2 protein chains.
Amino acid sequence: MANKEPDLWFSFVRSHRVLIREIERRLAAAGLPAYAWYDALWGVESGEDGTRRMHELADAIVIERYNLTRLVDRLEQEGLVTRARSPEDGRAAYVTITDAGRALRKRMWKIYETTVAELFLPQFDAKAQRSVSQALDRAALAARRSSQDAQ
Amino acid sequence: MANKEPDLWFSFVRSHRVLIREIERRLAAAGLPAYAWYDALWGVESGEDGTRRMHELADAIVIERYNLTRLVDRLEQEGLVTRARSPEDGRAAYVTITDAGRALRKRMWKIYETTVAELFLPQFDAKAQRSVSQALDRAALAARRSSQDAQ
DNA sequence: GCGATACAATTGCGATTGCAACTCAAGGCA
DNA sequence: TGCCTTGAGTTGCAATCGCAATTGTATCGC
C-alpha cells in the first residue's frame, strides 16, 4: 500500500475499514440501520437534555454540515429525532432525540459494543489502551489545527 | 460518542476521520484526485509488473468489488491504468498501471506521506509504532475471520 | 442606523457508494 | 457429455456524499 516506512499508518487505515465493514455487516444482519446513524443518535443523546445544535453535532461526530442536514432529515422522518429553531438565535437549529431514537440507539449499541469488545479492544492491554488513545487524540488535534490554519 | 469504556475505539474512529479529511483537503488543494485513487494506483503498481487481478486488488485495498469495477473505469478513462482479460481464465480481469498512473501516484504520495509524517506518526515512538501496528493487524485479522465465518 | 462581513443551515446537482441481480466461464460429478 | 454449483466481474437502480451556491440571521465598524 505504500513504498516506505509508515506501516503503522497503513495498518491503521486497513484495520479501520475492515472493522467498520464488519460492524456494518452485523448491524445489517440484525436488521438495524447503518453505523452512521448510531453516531448521530449518540451525538444528539449525549447533549444536554438529549439536544444539540447542528454545527456542534457535526463537529462532534466529524461529519460535514451538509451531510448532517440530510442525515438528520432521515432520522426525523423515522421519528428518531425532532428539530426546532431557536428563538434567541434565528440561525440556530436544535435536534432532540425521541424515545424511539433512544431505544434504537440502545439496540444498536449492543451489537456495536460487542463487536468492538470482541475484535478490537482485546488487542491492547490496559496501559496501551490509554497511551494509544492519547496518541490518536493528539493526531486528531494536530490535523484539526492544520486544517484550521489553512482556513 | 459512547456511554462506556471503549475510549480507545472512539479515539480511533475520530482520529481516522479527521486525518483522512485533512489528507483529502491537502490533495484537493494541490489539484490532485481523491485519496481513494492513491490506494487503487498503489495497489496496482505494487503487483508483479504493475499488474493485479481485480479481486486481488479489491481485497488488498479493502474495497467492495462492485466499487472497484467503477473506480477502475474512472482510472482507465484518465489513462492511468489499462485493463485486460486473461486467455487462461476467461473470468479473470487484469489491471495494469501506465506511466501516467505511476507519475500521478508519485505526486500524490509526496503530499500523502508528508501529511502522515507530520500529523500522525510523531505521536508514536518507534517501539509503539511496531506494537500498535501489530495490534491493529490482529484486529483486522479477527474482523476478517469473523465476517468469513458468518459467510 | 446601515452596509459589509461572518455564521448557520440548507439545497441543487453531479459523483460515488451499496445492494441485488445478472452474465459468463470453470469445476465438479453422475 | 450434460447439469449443477461456484467464482469473477459487471451493471441497474436507489441511497448517500461532496462541492458550490443560496437563504436567512447576527455582528461589527463607522
Side-chain angles (χ1 to χ4, degrees), chain A residues 17 20-29 31-40 43-44 51-78 81-96 147-148 151, chain B residues 17 20-29 31-40 43-44 51-78 81-96 147-148 151:
Chain A
R17 283 192 209 158
I20 294 290
R21 185 192 264 187
E22 174 64 6
I23 290 168
E24 296 275 21
R25 195 189 63 73
R26 291 194 190 187
L27 286 172
L32 292 168
Y35 170 81
W37 287 36
Y38 179 85
D39 262 12
V44 177
T51 297
R52 285 237 198 236
R53 282 195 63 165
M54 289 292 277
H55 79 277
E56 181 193 2
L57 181 57
D59 209 55
I61 66 180
V62 192
I63 181 182
E64 308 297 335
R65 310 252 161 93
Y66 45 82
N67 286 332
L68 181 60
T69 295
R70 289 181 277 216
L71 176 51
V72 169
D73 285 349
R74 284 169 248 151
L75 296 175
E76 194 181 18
Q77 276 179 352
E78 299 293 325
V81 301
T82 57
R83 247 195 264 237
R85 300 211 79 110
S86 163
E88 295 103 48
D89 188 333
R91 295 169 302 182
Y94 287 91
V95 193
T96 304
S147 76
Q148 278 178 349
Q151 246 61 273
Chain B
R17 283 191 209 160
I20 294 290
R21 184 192 265 190
E22 173 65 5
I23 290 167
E24 296 275 21
R25 195 189 63 74
R26 291 194 190 187
L27 286 172
L32 291 169
Y35 172 80
W37 287 36
Y38 179 85
D39 262 10
V44 178
T51 297
R52 286 239 197 237
R53 281 194 63 163
M54 288 293 277
H55 79 277
E56 180 193 1
L57 181 56
D59 210 55
I61 66 179
V62 191
I63 182 183
E64 308 297 336
R65 310 254 159 92
Y66 45 82
N67 286 332
L68 181 60
T69 295
R70 290 182 277 216
L71 176 51
V72 169
D73 284 349
R74 285 170 247 148
L75 296 176
E76 194 182 19
Q77 277 179 352
E78 299 293 325
V81 301
T82 57
R83 246 195 264 237
R85 299 209 81 110
S86 163
E88 296 101 50
D89 188 333
R91 296 170 301 182
Y94 287 91
V95 194
T96 305
S147 77
Q148 277 177 351
Q151 247 62 274

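Order of the sequence lines fixes the chain letters, A, B, ..., with proteins taken first and strands second; residue numbering starts at 1 for each chain. Please read all numbers here as calculations on a predicted model, not as lab measurements.
The residues A:Glu78 and A:Arg74 are annotated as not salt-bridged, no charged nitrogen and carboxylate oxygen being separated by less than 4.0 angstrom.
Summarising the geometry, atom OG1 belonging to B:Thr82 is positioned 7.5 Å from atom CD belonging to B:Glu76; distances are rounded to the nearest 0.5 Å. For the atom pair B:Thr51 OG1 and B:Tyr94 OH, the distance stands at 9.0 Å (nearest 0.5 Å). With rounding to the nearest 0.5 Å, the separation of CG in B:Leu27 from OH in B:Tyr38 is 10.5 Å.
Nearest-nucleotide positions on DNA chain C place B:Asn67 closer to the 5' end than the other of B:Gly90 and B:Asn67. Each of A:Glu88 and B:Arg83 was assigned the nucleotide of DNA chain D with the nearest heavy atom; the assignment lying further toward the 5' end belongs to B:Arg83. Residue whose closest nucleotide on DNA chain D sits further toward the 5' end, between A:Leu71 and B:Leu68: B:Leu68.
Here A:Arg53 reaches the OP1 or OP2 of C:dA9: one of its side-chain N or O atoms lies under 4.0 Å away. Close to C:dC7, at under 4.0 Å from its OP1 or OP2, lies no side-chain N or O of A:His55.
Here the range on DNA chain D touched by chain B, meaning any atom under 4.0 Å from one of its heavy atoms, is D:dG7 to D:dC13.
The distance between atom CD of B:Glu64 and atom P of C:dT17, rounded to the nearest whole Å, is 11 Å. Nucleotide C:dC19 holds its P atom 14 Å from the CZ atom of B:Arg65, rounded to whole Å. Taking atom CG of residue A:Asp73 and atom C1' of nucleotide C:dA9, one finds them 11 Å apart after rounding to whole Å. Following rounding to the nearest Å, B:Tyr35 (OH) and C:dT16 (C1') show an atom-to-atom distance of 16 Å. In this structure, OH of A:Tyr66 is placed 17 Å from C1' of C:dC7, rounded to the nearest angstrom. Following rounding to the nearest Å, A:Arg85 (CZ) and C:dA8 (C1') show an atom-to-atom distance of 8 Å. A:Glu24 has its CD atom 14 Å from the P atom of C:dT17, to the nearest Å.
You'll find that the side chain of B:Arg70 is closest to C:dT17, out of C:dA9, C:dA26, C:dT17.
Annotation: side chain of A:Val72 is in contact with side chain of A:Val81 (closest heavy-atom distance under 4.5 Å). Inter-residue side-chain proximity for A:Arg85 and A:Arg91 is flagged as unmet; no heavy-atom pair is nearer than 4.5 Å.
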Please list every donor-acceptor pair under 3.5 Å in which a side-chain atom of residues 57-66 of chain B meets a protein atom from a residue at least two apart or in another chain.
from, atom 1, to, atom 2, distance (Å)
B:Glu64, OE2, A:Arg21, NE, 3.1
B:Glu64, OE2, A:Arg21, NH2, 3.3

